[in-house]
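Counting begins at 1 with the first residue of the sequence.
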Amino acid sequence: MNLEEYFSRIHFKRSSETCDYPTLKEILQKHIRAVPFESLSIQCGEAIELDIEAIYNKIVHKRRGGWCCEQNHLLFWVLKTMRYEVTMLGANVYLPLQEIYSPNMSHVMLKVVVDGQPYIVDAGFGASYQMWEPVEMISGKDQPQVPGIFRLTEVNGVWHFGKVRRRQYVPNQSFINTDLLDIAGYRNIYSFTLVDRTIEDFHPMCIYLQTSEDSLFKKKSICTLQLNDGVRALVGWTLAETKYNYKDNMDLVEFTNVKNEEVPKVLRDKFNLVLEKGFVPVNTSAFYKL
């Protein structure tokens with residue numbers, strides 16, 4: 001494990017000796033555009049491990065992606081090695097269908113302090129709710145980014161993270177009512193406290209999400225990658241490509257149905273992933289929003 005190999009993986013070419021905000025922002029952006037958010041190991045029959053060496057080997061050497069526990073654990077190691085002041089935190093993801101936060105802590109994210117200012121840094125949420133820049137920990141402040149307006153709100157020691165979405169234009173009218181689309185306006189993403197966590201705190205949930213028939217990741221194969229001007233997602237057999245703000249306050253979302261035998265080529269050409277032979281995508285009616 002070394003930083004130079006990781007930097008090569010994400011195409012980062014600046015000095016690793018600098019621990020300022022521009023460097024932090026660039027590492028986050030390079031990471032999310034090079035490393036897909038994906039849970040395909042479950043459909044490949046691979047165990048998802050939280051050991052940092054295993055994660056490094058999977059993402060850096062095998063050039064795969066991962067979900068939050070893998071991506072943000074790797075980013076935690078990178079920033080710690082660079083001597084950033086970084087803390088691992090845990091979040092409860094918002095469940096839009098039930099309109100509640102999950103009672104179980106299932107999401108890993110990071111708090112990074114630069115020049116006395118704390119930021120939330122998260123490289124592992126994926127789809128259109130993925131931040132592109134560190135978010136300042138200032139309650140109630142709207143923070144516009146290319147994907148939309150992000151906002152942190154603190155109430156009695158609990159922080160709530162959300163995003164204001166734009167309207168979406170879908171040229172292919174056969175997808176106008178797809179359950180993958182989310183409505184415009186404000187949407188909660190997750191809630192968290194500032195209690196320090198270690199990766200061991202997430203082991204039970206990691207096992208549950210891989211094995212339970214109630215787990216979204218068991219019910220759907222998911223792969224998303226951030227682009228220079230939008231985001232690309234393959235959910236089961238549906239490919240969605242979003243261009244942010246292609247018109248005033250409106251995102252363009254283009255959907256395509258992918259045949260089962262075409263999935264490996266799509267993963268290779270669109271997401272730079274090569275999976276083992278025999279991979280079969282999974283797609284059920286599980287709730288998921290792009």
Asker: Quick one: do R33 and H11 satisfy side chain to side chain contact (heavy atoms under 4.5 Å, CB included)? Show the steps, please.
Answerer: CA-CA 10 Å; R33 289 172 184 152; H11 313 294; over 6 Å; no
Asker: Could you check if a side-chain atom of D196 sits within less than 4.5 angstrom of a side-chain atom of M88, using non-hydrogen atoms only?
Answerer: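 SC-SC contact between D196 and M88 ruled out.
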Asker: In Å, rounded to the nearest 0.5 Å, how long is the span from SG of C69 to CG of L209?
Answerer: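 Answer for the SG-CG pair, C69 versus L209, is 7.5 Å.
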Asker: May I ask you to decide if Y208's main-chain N or O and S212's side chain share a donor-acceptor pair within less than 3.5 Å?
Answerer: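 A pair under 3.5 Å: no.
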Asker: Show your reasoning for whether side chain to side chain contact (heavy atoms under 4.5 Å, CB included) applies to E133 and Q145.
Answerer: CA-CA 7 Å; E133 303 173 26; Q145 298 184 13; 3.5 Å; yes
Asker: Parallel, tilted or perpendicular for Y94 and Y101, by the 30°/60° rule?
Answerer: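 Because their plane-to-plane angle is over 60°, the rings of Y94 and Y101 count as perpendicular.
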Asker: Think K220 forms a cation-pi with Y288, using NZ or CZ under 6.0 Å from the six-ring centre and within 45 degrees of its axis?
Answerer: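 No, a cation-pi geometry is absent between K220 and Y288.
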Asker: What's the spacing between Q71 CD and E38 CD if we round to 0.5 Å?
Answerer: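 If we round to the nearest 0.5 Å, Q71:CD and E38:CD are 8.0 Å apart.
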Asker: Hey, is CD1 on I183 packed in by over 12 heavy atoms from elsewhere, all under 6.0 Å?
Answerer: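 Count not over threshold, so no.
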Asker: Distance under 6.0 Å and angle within 45° of the ring axis: does R165 meet both against Y186?
Answerer: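 The answer is no, since R165 fails at least one limit relative to Y186.
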Asker: Among E53, R64, E49, R63, which residue satisfies the side chain to side chain contact (heavy atoms under 4.5 Å, CB included) criterion with K58?
Answerer: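 Among E53, R64, E49, R63, the one that satisfies the side chain to side chain contact (heavy atoms under 4.5 Å, CB included) with K58 is R64.
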Asker: Any heavy-atom pair between the side chains of V231 and Q130 that's under 4.5 Å?
Answerer: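 Answer no - side chains too far apart.
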Asker: Would you indicate whether the side-chain heavy atoms of V146 and N245 approach each other to under 4.5 Å?
Answerer: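 No. Closest side-chain heavy atoms not under 4.5 Å.
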Asker: Determine whether V60 and L28 fall in the same hydrophobic cluster, where Ile, Leu, Val, Met, Phe, Trp and Tyr are linked whenever their side-chain heavy atoms lie under 4.5 Å apart.
Answerer: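 Same hydrophobic cluster.
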Asker: With rounding to the nearest 0.5 Å, note down the distance linking CG in L24 to CD in E26.
Answerer: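 The distance works out to 10.5 Å.
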Asker: Do L180 and V282 share a hydrophobic cluster (ILVMFWY, side-chain heavy atoms under 4.5 Å, transitive)?
Answerer: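 In one cluster with L180: V282, no.
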Asker: Hey, are the side chains of Q117 and I138 touching, using non-hydrogen atoms and a 4.5 Å cut-off?
Answerer: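 Yes, their side chains come closer than 4.5 Å.
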Asker: Under the side chain to side chain contact (heavy atoms under 4.5 Å, CB included) criterion, do I120 and L110 qualify, and how do the steps go?
Answerer: CA-CA 6 Å; I120 292 301; L110 309 176; over 6 Å; no
Asker: Counting heavy atoms not belonging to E262, are there more than 12 under 6.0 Å from its CD?
Answerer: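 Yes, because the 6.0 Å sphere around CD of E262 holds more than 12 heavy atoms from other groups.
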Asker: Atom CG of L97 and atom NZ of K289: how far apart are they, to the nearest 0.5 Å?
Answerer: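 The NZ atom of K289 is 8.5 Å from CG of L97, to the nearest 0.5 Å.
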Asker: Is K243 paired with D251 through a side-chain N to carboxylate O contact shorter than 4.0 Å?
Answerer: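 So D251 does not pair with K243 through a salt bridge.
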Asker: Between E4 and R9 (salt bridge meaning N to carboxylate O under 4.0 Å), is one present in this structure?
Answerer: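 No, no charged N to carboxylate O under 4.0 Å.
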Asker: Where do L290 and A240 come nearest, in terms of heavy atoms and distance?
Answerer: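 Smallest interatomic distance, heavy atoms only, reads CD1-CB, 3.4 Å.
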Asker: In chain order, what residues pass the salt bridge (charged side-chain N to carboxylate O under 4.0 Å, His left out) check against E136, with sequence neighbours excluded?
Answerer: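 Testing E136 for salt bridge (charged side-chain N to carboxylate O under 4.0 Å, His left out), a comparison that skips the adjacent residues, returns K141.
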Asker: Please name all residues satisfying side-chain hydrogen bond (donor to acceptor under 3.5 Å, both in side chains) with Y84, sequence neighbours left out, ordered by chain then number.
Answerer: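 Scan of Y84 (side-chain hydrogen bond (donor to acceptor under 3.5 Å, both in side chains), adjacent residues dropped) gives none.
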Asker: With heavy-atom distances below 4.5 Å as the criterion, would you say the side chains of M131 and F161 are in contact?
Answerer: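 Yes - at least one pair of side-chain heavy atoms lies under 4.5 Å apart.
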Asker: Are M205 and I52 linked, directly or through other ILVMFWY residues, by side chains that come within less than 4.5 angstrom of each other?
Answerer: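 No, no single cluster joins them.
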Asker: What is the minimum heavy-atom distance between F37 and G124, and which atoms define it?
Answerer: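 In terms of heavy atoms, the two residues are closest at CE1-O, 3.3 Å.
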Asker: Side-chain atoms of residues 148-157: list all donor-acceptor pairs with protein atoms under 3.5 Å, sequence neighbours left out, distances to 0.1 Å.
Answerer:
from: R151; atom 1: NE; to: D142; atom 2: OD1; distance (Å): 2.6
from: R151; atom 1: NH2; to: D142; atom 2: OD1; distance (Å): 3.0
from: E154; atom 1: OE2; to: G157; atom 2: N; distance (Å): 2.6

Asker: Return each pair, listed once, that meets side-chain hydrogen bond (donor to acceptor under 3.5 Å, both in side chains) where at least one residue sits in residues 222-238; pairs must be two or more places apart or across chains.
Answerer: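 Applying side-chain hydrogen bond (donor to acceptor under 3.5 Å, both in side chains) to every pair that reaches into residues 222-238, excluding sequence neighbours, yields W132-Q226, R232-E241, W237-N260.
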Asker: Answer with yes or no whether the side chains of N172 and S174 bring together a donor and an acceptor at under 3.5 Å.
Answerer: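 Per modelled atom types, S174 and N172 side chains form a pair under 3.5 Å.
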Asker: Do you reckon F192 sits in the same ILVMFWY cluster as V112, going by side-chain contacts under 4.5 Å, direct or chained?
Answerer: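 Same cluster.
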Asker: Where is the tightest heavy-atom contact between L239 and V266, given as atom of each residue plus distance?
Answerer: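 Heavy-atom minimum between the residues: CD1-CG1, 4.3 Å.
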Asker: Tell me every residue that passes side-chain hydrogen bond (donor to acceptor under 3.5 Å, both in side chains) with K62, counting only those two or more places apart in sequence or in another chain.
Answerer: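 For K62 there are no side-chain hydrogen bond (donor to acceptor under 3.5 Å, both in side chains) partners, ignoring immediate neighbours.
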Asker: Under a plain distance cut-off of 3.5 Å, with no hydrogens placed, do S8 and K13 share a side-chain donor-acceptor pair?
Answerer: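 No, S8 and K13 have no side-chain donor paired with an acceptor closer than 3.5 Å.
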Asker: Quick one: sort the H107 and Y190 rings into parallel, tilted or perpendicular, breaks at 30° and 60°.
Answerer: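 Aromatic pair H107/Y190 classed tilted.
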Asker: Does N72 have any side-chain hydrogen bond (donor to acceptor under 3.5 Å, both in side chains) partners at least two apart in sequence or in another chain, and if so, which?
Answerer: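 N72: side-chain hydrogen bond (donor to acceptor under 3.5 Å, both in side chains) contacts with D122.
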Asker: If I compare all heavy atoms of P281 with all of V263, which pair ends up nearest, and what's the gap?
Answerer: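 Answer, listing the atom of P281 first, then V263: CG-CG2, 3.7 Å.
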Asker: If I compare all heavy atoms of S39 with all of F217, which pair ends up nearest, and what's the gap?
Answerer: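 So the two residues come closest at OG-CD2, 3.3 Å.
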Asker: Group every Ile, Leu, Val, Met, Phe, Trp and Tyr by side-chain heavy-atom contacts under 4.5 Å, then state whether M109 and V114 land in the same group.
Answerer: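 M109 clusters together with V114.
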Asker: Can you confirm whether more than 12 heavy atoms, excluding those of D115, are under 6.0 Å from its CG atom?
Answerer: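 Result for CG/D115: open.
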Asker: Count the heavy atoms belonging to other residues, nucleotides or ligands that lie under 6.0 Å from CG of D248, then report whether that count exceeds 12.
Answerer: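 No.
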Asker: Give the ring-plane orientation class for Y56 versus H61, where under 30° counts as parallel, over 60° as perpendicular and anything between as tilted.
Answerer: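 Perpendicular, since the angle between the ring planes exceeds 60°.
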Asker: So do P171 and E254 actually touch side chain to side chain, heavy atoms under 4.5 Å?
Answerer: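 Side chain of E254 against side chain of P171, heavy atoms only: contact under 4.5 Å found.
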Asker: To check you understand the geometry: which heavy-atom pair defines the closest contact between I32 and L225, and what is its length?
Answerer: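 Shortest heavy-atom separation between I32 and L225 comes out as O-CD1, 3.6 Å.
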Asker: Given side chains that start at C-beta, do those of L194 and W159 come closer than 4.5 Å, heavy atoms only?
Answerer: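 Of all side-chain heavy-atom pairs linking W159 with L194, at least one is under 4.5 Å.
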Asker: Quick check for you: to the nearest 0.5 Å, what is the distance between T23 atom OG1 and F12 atom CZ?
Answerer: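 So the gap between those two atoms works out to 5.5 Å.
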Asker: Under the criterion side chain to side chain contact (heavy atoms under 4.5 Å, CB included), I'd like the reasoning laid out for K111 against Y119: C-alpha separation, chi angles, the key distance, then a yes or no.
Answerer: CA-CA 6 Å; K111 183 185 76 172; Y119 297 87; over 6 Å; no
Asker: Supply the atom-to-atom distance I55 CD1 to L75 CG, rounded to the nearest 0.5 angstrom.
Answerer: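 The distance works out to 11.5 Å.
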Asker: Can you tell me how the ring of F76 sits relative to the ring of H73, calling it parallel under 30°, perpendicular over 60° and tilted otherwise?
Answerer: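 Correct class here is tilted.
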Asker: Does a side-chain heavy-atom distance below 4.5 Å link N249 with R167?
Answerer: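 Yes - at least one pair of side-chain heavy atoms lies under 4.5 Å apart.
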Asker: Taking everything shown except E99 itself, do over 12 heavy atoms lie less than 6.0 Å from its CD?
Answerer: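 Counting neighbours around CD of E99, 12 or fewer heavy atoms of other residues, nucleotides or ligands fall under 6.0 Å, so no.
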